[in-house]
Participant: 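The structure that follows is given in the form of structure tokens.
Numbered from 1 within each chain, the chains take letters A, B, ... in sequence-line order. Fair warning: this is a prediction, and the values are worked out from it, not measured in the lab.
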Protein chains: 2
Amino acid sequence: MRTAEKLRYLILAAQREGNRQLTASLSELGVTPAQSEALRILADHAPLALGELGDMLVCDTGTSPSRIVDRLVANGLVQKTTSAQDRRQVRLTLTAAGQDKAQHIAEVESQLYDVLDQASEGTALDGFLAFLHALTQQSPAGRALDNRLAAEEHRRN
Amino acid sequence: MRTAEKLRYLILAAQREGNRQLTASLSELGVTPAQSEALRILADHAPLALGELGDMLVCDTGTSPSRIVDRLVANGLVQKTTSAQDRRQVRLTLTAAGQDKAQHIAEVESQLYDVLDQASEGTALDGFLAFLHALTQQSPAGRALDNRLAAEEHRRN
DNA sequence: GTAACATATATGTCACGACATATAAGGAGT
DNA sequence: ACTCCTTATATGTCGTGACATATATGTTAC
């Protein structure tokens, strides 16, 4: 099996397994990985328009995440209002329950990242992160991640 | 954003983008990435029981891939028979159309791997492949990939 | 004021991944 | 022969990703 094919399948396997573990960890919070990503973005950057949220979601690329948000609204975690400036726009904020849930999600993620950091000790990741970044930066998911990083930087300053 | 979080999202972005490009390339062959993976495995290793196919599919982990195979049968690419030895088992072979399709799929994959090889020139992947392999080897998808590698080795000897 | 174009979001549809459950068949033990 | 357990596969269900289409609203040009 040539290296590129092995890389393809290892990335797929890693994504699948990571998603499975995340799903299992989040299941007691009653949210899915996609929902948790949306909640975490709103926790840090709300209020956001639906499209703005969509621009930062890696899991849901290039489309307005209507249905993910609908489920969060139905679960009482997110609130939708119509923008006064542009009635096409939906403005999203977290409810108190949503804020609380986002905090728990952050804890679950932190534990997962601890495991990942431990697993990658002794592995030089920088070159590979750069490679993956170059590979994806023109894609919707890669741009979403860049938007996310930029927003995080902006929020810190 | 801590390194582990960046790794998580870059892997997700890479998987999504790779899948999108594969889907686009395969669309003129009329198959999806999941179907193409199944066809390629059957091309190399048929006849296989459904469960044996499932054991080698990275895209469809830990479950018997009934529905993917049903669609391949409906499209005239795969043939199902009941095993004479064990009537629970479904035996899978490729039809002539399926063989032909699998060859075209291999060409599409080859082009994709050429691009990936080019993109990764100058990047030391070995350490990262080893890291991903260690990360996933206990998971269903990782074991499927190992099964796949073992079957390929076995077929070569 | 109206038409055309652009934008934001919602919905339809299909394939699928994943978990749970159901059904049929095979094997072992008595 | 019968029971119990295991195995192989099929199906139900939910959430989702992705593409296409629809609807509502905003902007620009005339």
Participant: Minimum heavy-atom separation for B:Glu17 and A:Pro140, please, with both atom names.
Facilitator: OE1-CD, 3.9 Å
Participant: Membership question, hydrophobic clusters at under 4.5 Å side-chain separation (ILVMFWY): are A:Leu116 and A:Leu26 in the same one?
Facilitator: no
Participant: Can you tell me how far P of D:dT9 sits from CD1 of B:Ile68, to the nearest Å?
Facilitator: 14 Å
Participant: Suppose we call a contact any N or O donor and acceptor under 3.5 Å apart; does that hold for the side chain of B:Arg88 and the base of D:dA8?
Facilitator: no
Participant: Write down the distance between CG (A:Asp70) and P (C:dT11), rounded to a whole number of angstrom.
Facilitator: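 These atoms are roughly 7 Å apart.
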Participant: Whether the side chain of A:Arg67 and the base of C:dG12 hold a donor-acceptor pair under 3.5 Å is what I'd like checked.
Facilitator: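 Such a pair exists between side chain and base.
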Participant: Is there a path of hydrophobic side-chain contacts, each under 4.5 Å between heavy atoms of I, L, V, M, F, W or Y residues, that connects A:Leu125 with A:Leu135?
Facilitator: yes
Participant: Side chain of A:Val90, heavy atoms from C-beta onward: which of C:dT9, D:dG17, D:dT9 has the nearest atom to it?
Facilitator: C:dT9
Participant: Can you tell me which nucleotide in C:dT9, D:dG15, C:dA25 comes closest to the side chain of A:Gln35?
Facilitator: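 Per side-chain heavy atoms of A:Gln35, the pick is D:dG15.
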Participant: I want to verify a distance call: between D:dA10, C:dA10, D:dT25, whose nearest atom is closest to the A:Lys80 side chain?
Facilitator: C:dA10
Participant: Does a nitrogen or oxygen in the side chain of B:Ser64 sit under 4.0 Å from OP1 or OP2 of D:dT9?
Facilitator: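 No, no such contact exists.
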Participant: What nucleotide among D:dA10, D:dA18, C:dG17 has an atom nearest to a side-chain atom of B:Arg16?
Facilitator: D:dA18
Participant: C:dC16, OP1 or OP2 - any side-chain N/O from B:Arg71 closer than 4.0 Å?
Facilitator: yes
Participant: Would a distance-only check, ignoring hydrogens and angles, find a side-chain to backbone donor-acceptor pair under 3.5 Å from B:Lys80 to B:Val73?
Facilitator: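 Side chain of B:Lys80 to backbone of B:Val73: no pair is present.
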